[in-house]
Amino acid sequence: MAMRWTKNFIFTLRQEPADAEVISHRLMMRAGLISKVAAGIYNYLPLGWRSIEKLENIIREEMENAGSAELLMPAVQPSELWKESGRWFQYGPELLRLKDRHERDFCVGPTHEEVITDIVRRSVTSYRQLPVSLYQIQNKFRDEIRPRFGLMRGREFIMKDAYTFHATSDCLDEAYRAMEAAYRRIFSRCGLGFTQVEADTGNIGGSDSHEFMVLADTGEDAIISCASCGYGANVEKAESGAPPEAPAWPQDIPDTPQEVETPEMRSIEEVSQFLKISPQHLIKTLIFETDDGPVAALIRGDLEVNEVKLKNKVGCTFLELASEERILEVSGCPQGFSGPVGMENVRIFADSSVMALKVAATGANKTDAHLVGVVPGRDFTPAEVCDLRLAQPGDTCPRCSTVMGEARGIEVGHVFKLGTKYSEAMKCNFLDDEGRESPMTMGCYGLGVGRTVAAAIEQNHDEKGIIWPLPLAPYEVDLILLNSDKPDVVEAAEKLYGEMKDAGIDVLFDDRPERPGVKFNDMDLIGFPVRVVVGKRGLDKGEVEISLRRDGERRTAPLGDVINAVKSLLDEVR
RNA sequence: CGGGGCGUAGCUCAGUCUGGUAGAGCGCACGGUUCGGGACCGUGAGGCCGGAGGUUCAAGUCCUCUCGCCCCGACCA
């Protein structure tokens, strides 16, 4: 594909756009790749769209390779399907709902489990027809609370979503592994540094789940990982090895907990200093509000509760710290003095670190008082003991006990084993070889297209602009006509452009009558991987200049050999 | 939804406190000089000062309401 700049629609910005925070957003705006229509809603301008399409085509190749067939589902979906799965009621304002002229309810699809399940259940009835693997590349809409960072967190965004249907979980495992492999190939082909981590399944539901994270300091997700065995997980999900044991209890262990006055001592720090007890001997009691009623979570004083883990344990979709009034209602005292002893009207979830304590101190459920000498199991029994810890860098690895580190990442892909959540709710059943009917086992696989392009820019730029990895560059080659007022230079450049076109080179011909500086700056800003400069200076010697965006080193090639030189340079960066 | 901030030329922003003729730089158009890293000189076009209401002789500026956008937080593939 070849194009002239003057026939294209490219407007670079000299000044930083006022509302762009992160580098990829700034550069995409400045380079004229995207423009904003409304909060979280963007135009993909010709240059940006070319990069998007290049990525889409890589995705298509790898999806087909993984045995998935492309289709396209509607953006607007009837509420009936969502009511069948139950998500019409579970989803909050993030789901953009609308009514048609007959007052019928619809939504703009944030994802397509319902529609795809409907498609498959209509046609597939036998194990002989399974497995099924389908994907689409489509615009989604999620009415994010706070869209930001350009394409990184838009409300409307392009996503590749794939869905697989199986007769057995073994078969799902196989498809899941194939998808993981396809994702790794896709991101590798884009030249991205990424990592695959264990993830929480969120509102989509399901069991196994992995996220593909492009490593970048601006990433919105925190990842905990082990350099030694390769274990990695989103902090939302991350397990960590047993925390260091608490030091020896400095006092006698009484037969019953002793109440101690602790006036105005609410925080772990205050209480531990006041009582001269290490934070590791305190039990922190947090009251949460959920759609399933209030619950209490217990964690050792030096650790933090992971709300996602708690949410999963409780089995609720809504969870947040309870209000002051609610705490008063549940524990009979203001915030800061709650404790598990004698707390009976709520379900209590205890982190295993709490139960590992031989003896501890905790709130007395009484204003300005704590209990010292509380023995877990003797003085209180939680409804459930589980892992509620928020993993932190420095924790030990749950697999191999090495100390884990933290990194930030941009979530560009997320694969889930859905199991039968949707097939059961929507009666997407099949008959097995013994004539028994059962719901299909499903997997779903998302990949953020715009986000991946943005992530590529986060990873590949310098102070001048983007440094495109070749596969995502809007054009691979920028051919610059330097002296548009010199007929012989124009003629040479035009001739070269024709040759490149004929040779099938992916080139943009900067034929604008602009000053050299303007052209050079635009070429750096947009970041074409290979640049070919035709100017009077070189032409007098019968040469043109060729350089790479990534190192800037200037090479020359005789006029007759430019095509070959460009081709071999392209191979070099490929 | 809570907290903070901003809406003035295509873009980036002054002017708002203290009411009195609508500004700058960049971009754009035209002429000239320039021409290998965002040139220079001259001329010019371009504004319902986000919108509605109010106060006032007079509102970009003060008051009320509204809409939009950005940042922090809670939420999320």
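Chain letters run A, B, ... following the sequence lines, proteins first, then strands; residues in each count from 1. The structure presented is a predicted model; accordingly, all values stated were derived computationally and were not measured.
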Look for any protein N or O under 3.5 Å of an N or O in nucleotides 69-73 of chain B and output each such pair with its distance, or none.
| residue | atom | partner | partner atom | Å |
| --- | --- | --- | --- | --- |
| B:C69 | OP1 | A:Ala39 | N | 3.0 |
| B:C69 | O3' | A:Lys36 | NZ | 2.8 |
| B:C70 | OP1 | A:Lys36 | NZ | 3.4 |
| B:C72 | OP2 | A:Arg146 | NH1 | 2.7 |
| B:C72 | OP2 | A:Arg146 | NH2 | 2.5 |
| B:C72 | O5' | A:Arg146 | NH2 | 3.4 |

For A:Glu236, report the nucleic acid contact type (base, sugar-phosphate, nothing); a contact means any heavy atom under 4.0 Å. nothing
Given the C1' atoms of B:C49 and B:A29, what is the spacing between them in whole Å? 25 Å
Counting only Watson-Crick pairs (N1-N3 plus N6-O4 or O6-N4) and G-U wobbles (N1-O2, O6-N3), all under 3.5 Å, who is the partner of B:C57? B:G20
In residues 508-522 of chain A, which ones come under 4.0 Å of RNA chain B, going by heavy atoms? A:Arg515, A:Pro516, A:Gly517, A:Val518, A:Phe520, A:Asn521, A:Asp522
Under the rule for side chain to side chain contact (heavy atoms under 4.5 Å, CB included), what residues qualify as partners of A:Ala178, not counting sequence neighbours? none
Could you check whether atom CD of A:Glu269 has more than 12 heavy atoms from other residues, nucleotides or ligands sitting under 6.0 Å from it? no
For A:Phe9 and B:G10, give me the distance from atom CZ to atom C1', rounded to whole Å. 12 Å
Nucleotide opposite B:A39 in a Watson-Crick or G-U pair, distances under 3.5 Å: B:U33
How far, in whole Å, is B:G53 from B:G60 if one measures between their P atoms? 14 Å
For the pair A:Tyr91 and A:Trp82, name the ring-plane relationship: parallel under 30°, tilted 30 to 60°, perpendicular over 60°. perpendicular
Could you tell me how far apart A:Met213 (CE) and B:A77 (C1') are, to the nearest whole angstrom? 11 Å
Heavy atoms under 4.0 Å, any strand shown: does A:Gly413 hit a base, just sugar-phosphate, or nothing? nothing
Just how far, in rounded Å, is C1' of B:G25 from CZ of A:Arg14? 12 Å
For B:C28, which nucleotide is its Watson-Crick or G-U wobble mate, given both distances must be under 3.5 Å? B:G44
Could you please name the option among B:G36, B:G38, B:A77 that lies closest to any side-chain atom of A:Phe157? B:A77
Tell me whether A:Asp551 at atom CG has more than 12 heavy atoms from other residues, nucleotides or ligands lying less than 6.0 Å away. yes
For A:Glu463, give me all partners under side chain to side chain contact (heavy atoms under 4.5 Å, CB included), at least two apart in sequence or on another chain. none
Residues 477-487 of chain A vs side chain to side chain donor-acceptor pair (under 3.5 Å), sequence neighbours excluded, gives none
Among residues at least two apart in sequence or on other chains, which ones pass ring pair (Phe, Tyr, Trp, His ring centres under 6.0 Å) with A:His112? none
Which nucleotide sits closest to the side chain of A:Gln15: B:G38, B:C35, B:C26? B:C26
Determine the Euclidean distance between corresponding C1' atoms of B:C13 and B:G47; express it in Å to zero decimal places. 15 Å
Considering residues at least two apart in sequence or located in another chain, which fulfil the side chain to side chain contact (heavy atoms under 4.5 Å, CB included) criterion with A:Arg537? none
Residue set satisfying ring pair (Phe, Tyr, Trp, His ring centres under 6.0 Å) with A:His210, at least two apart, ordered chain then number -> A:Tyr176
Side chains of residues 22-32 of chain A: which donor-acceptor pairs under 3.5 Å do they make with residues two or more places apart or in other chains?
| residue | atom | partner | partner atom | Å |
| --- | --- | --- | --- | --- |
| A:Ser24 | OG | A:Glu458 | OE2 | 2.7 |
| A:His25 | ND1 | A:Gly150 | N | 3.4 |
| A:His25 | NE2 | A:Tyr42 | OH | 3.3 |
| A:Arg26 | NE | A:Glu16 | OE1 | 3.1 |
| A:Arg26 | NH1 | A:Glu21 | O | 3.3 |
| A:Arg30 | NH1 | A:Leu13 | O | 2.9 |
| A:Arg30 | NH1 | A:Arg14 | O | 3.3 |

How far does the C1' atom of B:G23 sit from the matching atom of B:U16, given to the nearest Å? 14 Å
Expressed in angstrom and rounded to an integer, what is the separation of A:Arg554 atom CZ from B:G36 atom P? 12 Å
Hey, does A:Glu545 reach any base, or is it just sugar-phosphate, or nothing, if we go heavy atoms under 4.0 Å? base
When we call it a touch if two heavy atoms are under 4.0 Å apart, what does A:Gly535 touch: a base, just sugar-phosphate, or nothing? base
Quick one: list whatever passes ring pair (Phe, Tyr, Trp, His ring centres under 6.0 Å) with A:Trp468, sequence neighbours left out. none
May I ask you to say what A:Asp161 touches in the nucleic acid, namely base, sugar-phosphate or nothing, with a heavy-atom cut-off under 4.0 Å? nothing
Closer to the 5' end of RNA chain B via nearest nucleotide, is it A:Glu411 or A:Met523? A:Met523
When the C1' atoms of B:G10 and B:G27 are considered, how many whole Å apart are they? 7 Å
Nearest whole angstrom, please: distance from the P of B:U33 to the CG of A:Asp485. 13 Å
Using atom CG of A:Leu321 as one end and atom P of B:G2 as the other, report the distance to the nearest whole Å. 19 Å
Toward the 5' end of RNA chain B, which comes first, A:Glu220 or A:Asp524, by nearest nucleotide? A:Asp524
Which class fits the ring pair A:Phe11 and A:Phe9: parallel under 30°, tilted 30 to 60°, perpendicular over 60°? perpendicular
Quick check on A:Lys495: does its NZ atom have over 12 non-hydrogen neighbours (other residues, nucleotides or ligands) under 6.0 Å away? no
A:Arg451 CZ to B:C76 P: how many Å, rounded? 14 Å
Table of protein N/O atoms under 3.5 Å from nucleotides 41-43 of chain B N/O atoms:
none

Can you sort out the partners of A:Arg549 under salt bridge (Lys or Arg N to Asp or Glu O under 4.0 Å), two or more places apart, ordered by chain and number? A:Asp462
Rounded distance in Å between the P positions of B:G2 and B:A77: 24 Å
Rounded to the nearest angstrom, tell me the gap between atom CD1 in A:Ile480 and atom P in B:G38. 14 Å
Within the pair A:Lys311 and B:C76, is there a side-chain N or O less than 4.0 Å away from OP1 or OP2? yes
